[in-house]
Amino acid sequence: MDEITIDWNIGSSPSVVQKLPCKIEYTGAAEVSNKFCIAKDGTSSFRGRKIKSVSCTLPANYQGVVLQQSPVTTDAEERSFRATNTFDRFTSWGWDVAPTAINLEKLIAVQNALHTK
């Protein structure tokens, strides 16, 4: 089994996490507050397409972590990540329609059942 290491160098303020329904070939800071305007009804647009959102809050005693993967130079090299920040809620976006609200507590219960020996 591959080993994964995580460097826990977490920032001082929580991140604002946006889960978009696409892959963006960019890693780095973005002026989201200046470029990404969200209407009161939870809609916006991305590259000319309408998107809708649902807000998700993590259950009590859980904390989300933003990970950045270190470059891997060989297939044999272990994967390494750096924890850059934390979050306690995020916004999930969908094309044209809002995604179904994610019931994180049920998802965590299923995950715990699968990984309990």
Note: Gln63 and Leu58 closest approach over all heavy atoms is C-CD1, 3.7 Å
List the atom of Val65, the atom of Ala83, and the distance in Å for their closest heavy-atom pair.
CG1-CB, 3.7 Å
Got a second to check how far Gln68's CD is from Phe81's CZ, nearest 0.5 Å?
10.5 Å
What residues form a side-chain contact (heavy atoms from CB on, under 4.5 Å) with Cys22, not counting sequence neighbours?
Leu20, Ile24, Phe46, Trp95
Counterpart residues, side-chain contact (heavy atoms from CB on, under 4.5 Å), relative to Ala39 (two or more places apart)
Asp41, Thr43
Between OG of Ser44 and NZ of Lys50, what distance do you get to the nearest 0.5 Å?
10.5 Å
Check: Gly42 main-chain N/O paired with Ser53 side-chain donor or acceptor under 3.5 Å:
yes
List for me each residue that meets side-chain hydrogen bond (donor to acceptor under 3.5 Å, both in side chains) alongside Gln69, sequence neighbours excluded, and say none if there are none.
none
